[in-house]
Undergrad: 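Below are the structure tokens for one structure; questions will follow.
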There are 2 protein chains.
Amino acid sequence: MERELLLLGLLRQGEMHGYQLHDFIERNLAFCTDLKKPTAYALLERMAARGWVTVQEVREGHRPPRRVYRLTSEGEAVFQRLLRDNLARFEAAKTGSDVGLAFVDALPRAEALRLLEQRRAALTEQLAAFQSAPTHAGSYQLLIDHQLHYLRSELAWLDDVLARMRAGRLRLVSPRSTPKPKSKEASP
Amino acid sequence: MERELLLLGLLRQGEMHGYQLHDFIERNLAFCTDLKKPTAYALLERMAARGWVTVQEVREGHRPPRRVYRLTSEGEAVFQRLLRDNLARFEAAKTGSDVGLAFVDALPRAEALRLLEQRRAALTEQLAAFQSAPTHAGSYQLLIDHQLHYLRSELAWLDDVLARMRAGRLRLVSPRSTPKPKSKEASP
DNA sequence: CACTGAATAGTCACAAATGACTATTCATGA
DNA sequence: TCATGAATAGTCATTTGTGACTATTCAGTG
């Protein structure tokens, strides 16, 4: 749902064609959403079919005609609905990076430390890149602010974990406990 | 990739069948990954095809036979590789909730405030539920710790935003700036 | 001016993910 | 004891999402 919210929101600022929309998202919003080109086109097509946007084929030269999308008033209504809905909810973010943490105890402490320090380096690098970005096209300040807050918070947590690990204060359960020891199933 | 890491990691603790794996993830790790049943089965099948796990059909009664998966030593090697790789990277989390923030200025300030207060309520509720959970099966402490940290950090940020909005100190750019004012295209 | 690499614009066949099922077993209480 | 709903176990048709591709235009340069 939030992908259509995004597209509708961008189209509120004026008509645009598919490539333009995707390109803008890719350049400016890649850090908070990821929307590949074919997905964007498919969504636009569907939104057109539902009457949220109109399409107008524009051909210049003899390149394949560009399809220019424009928000309808119905689309605007949907935008309003989706926006209210989105703002009122909180959906926790998910990342693949979490999974590994579940299994750190499968590695010797020293190596785990080394790897997490690499992770920390990657994180500070992203943070730096983000901070030095040129006011990000001047727009979407809240998003940027949020992302900065998030990255800093992640860094703080990671540093805390590293400190605890170095001090040997990381309590981890025995890796032998079967996740669901319901019936017979002796631990192998 | 992190889904196979997860499955392999769980299988390290002993053989399990598909339902068991999915069920465990659903119950205990839903907050950090989401893996529907058919996806889990498909992954297991593929891992079997690649020799990372072995399958053994076990039938009891005359229900459809259960397929029990067991990690191979090749699977263990892959696990080690994926784990190291995962720990060394940092991948920023993404959430659909961010998108709405890009468009708060489309709403009257008062209403935006009301909606974000609803969001805040949803967040504190999730936080409360998480804190009161019964030591989460005693396992995966780092994950829990991380999630708690994350939720608290989100709450702090949201409170800050709310405060800024109430004080009218939320600087937002004019909604009229076209995202990519490259060529002709007069703002409509 | 012809050539090259980048930017523009979009498509398509394939891979991944999921909602909605089927079908058996188990607990329970009327 | 036998209906009923929950838990167990898995499948399949459909939708979604994407890597890799085609094809045109444009800017720069030798």
Side-chain angles (χ1 to χ4, degrees), chain A residues 1-7 10-11 15-30 33-50 53 55-70 94 96 99 179-185, chain B residues 1-7 10-11 15-30 33-50 53 55-69 94 96 99 178-185:
Chain A
M1 216 72 298
E2 72 268 1
R3 286 145 124 97
E4 18 279 271
L5 175 60
L6 178 56
L7 291 172
L10 292 179
L11 283 174
E15 59 176 38
M16 273 191 268
H17 53 100
Y19 188 86
Q20 230 172 110
L21 281 161
H22 170 259
D23 189 59
F24 178 77
I25 292 170
E26 189 94 321
R27 284 180 203 283
N28 302 297
L29 301 171
T33 188
D34 86 347
L35 184 63
K36 301 297 185 286
K37 230 178 327 161
T39 309
Y41 283 111
L43 287 176
L44 286 167
E45 212 169 319
R46 196 172 64 184
M47 296 196 316
R50 290 176 178 175
V53 298
V55 204
Q56 190 195 356
E57 300 233 325
V58 174
R59 69 186 327 143
E60 46 192 65
H62 45 143
R63 67 166 67 193
R66 304 186 307 183
R67 273 181 277 152
V68 174
Y69 296 91
R70 180 195 305 267
K94 285 172 186 182
V99 176
K180 209 187 170 188
K182 191 194 152 191
S183 47
K184 53 230 157 172
E185 213 138 6
Chain B
M1 216 73 298
E2 72 268 1
R3 286 148 124 99
E4 18 277 272
L5 175 60
L6 178 56
L7 290 171
L10 292 178
L11 283 173
E15 59 175 37
M16 272 190 270
H17 53 101
Y19 189 85
Q20 229 170 113
L21 281 162
H22 167 73
D23 189 60
F24 178 76
I25 292 170
E26 189 93 321
R27 283 179 205 284
N28 303 296
L29 301 172
T33 187
D34 86 347
L35 184 64
K36 302 295 187 283
K37 232 176 327 157
T39 310
Y41 283 111
L43 287 175
L44 286 167
E45 212 169 319
R46 195 173 65 184
M47 298 197 314
R50 288 174 180 177
V53 298
V55 204
Q56 190 196 357
E57 299 231 327
V58 174
R59 69 185 329 143
E60 47 192 63
H62 44 147
R63 67 165 67 192
R66 303 187 307 184
R67 268 171 290 150
V68 173
Y69 296 90
K94 284 171 187 182
V99 176
T178 3
K180 209 187 171 190
K182 191 195 153 190
S183 48
K184 52 230 155 168
E185 212 136 10

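So you know, we letter chains A, B, ... as the sequences are listed, proteins then strands, and number each from 1.
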Undergrad: Return no unless some side-chain N or O of A/R46 is found under 4.0 Å from OP1 or OP2 of D/dT16.
TA: yes
Undergrad: Do the side-chain N or O atoms of A/T39 get closer than 4.0 angstrom to the phosphate oxygens (OP1, OP2) of D/dT16?
TA: no
Undergrad: Using the side chain to side chain contact (heavy atoms under 4.5 Å, CB included) rule, take B/M47 and B/L7 through it: C-alpha gap first, then chi angles, then the decisive distance, then the call.
TA: CA-CA 10 Å; B/M47 298 197 314; B/L7 290 171; 3.9 Å; yes
Undergrad: Starting at CD1 of B/I25 and ending at P of D/dA9, how long is that distance when rounded to a whole Å?
TA: 15 Å
Undergrad: Rounded to the nearest angstrom, tell me the gap between atom CD in B/E26 and atom P in C/dA17.
TA: 16 Å
Undergrad: Under 4.0 Å between a side-chain N/O of B/H22 and OP1 or OP2 of D/dA9, yes or no?
TA: no
Undergrad: So which one's nearest nucleotide on DNA chain C is more toward 5', B/A42 or A/G18?
TA: A/G18
Undergrad: Which pairs, protein N/O on one side and nucleotides 11-13 of chain D N/O on the other, fall under 3.5 Å?
TA:
residue : atom : partner : partner atom : Å
D/dT11  : OP1  : B/R67   : NH2          : 2.6
D/dT11  : OP2  : B/R67   : NH2          : 3.2

Undergrad: Nearest whole Å is fine: how far is C/dT8 P from A/L21 CG?
TA: 14 Å
Undergrad: What is the separation between atom CD on A/E2 and atom C1' on D/dT16, rounded to the nearest whole Å?
TA: 13 Å
Undergrad: Between atom CZ in A/R27 and atom C1' in C/dA6, what is the gap in whole Å?
TA: 11 Å
Undergrad: Looking at residues at least two apart in the chain, or sitting in another chain, which of them share a side-chain contact (heavy atoms from CB on, under 4.5 Å) with B/K94?
TA: A/D34
Undergrad: Using atom NZ of A/K36 as one end and atom P of C/dA17 as the other, report the distance to the nearest whole Å.
TA: 13 Å
Undergrad: Atom CE of A/M1 to atom P of C/dT18: distance rounded to whole Å?
TA: 16 Å
Undergrad: Look only at the side chain of B/Y41 and the backbone of B/K36, and say whether a donor-acceptor pair between them is shorter than 3.5 Å.
TA: no
Undergrad: If the condition is side-chain hydrogen bond (donor to acceptor under 3.5 Å, both in side chains), which residues does B/R3 pass it with, not counting sequence neighbours?
TA: none
Undergrad: Quick check: does any side chain N or O of A/D23 sit under 3.5 Å from a backbone N or O of A/Y19, one acting as donor and the other as acceptor?
TA: no
Undergrad: Between B/R46 and B/E4, is there a side-chain N and carboxylate O pair less than 4.0 Å apart?
TA: yes
Undergrad: Could you go step by step and tell me if B/L35 and B/L29 meet the side chain to side chain contact (heavy atoms under 4.5 Å, CB included) rule?
TA: CA-CA 10 Å; B/L35 184 64; B/L29 301 172; over 6 Å; no
Undergrad: Over how many whole Å does the gap from B/D34 atom CG to C/dA16 atom P extend?
TA: 17 Å
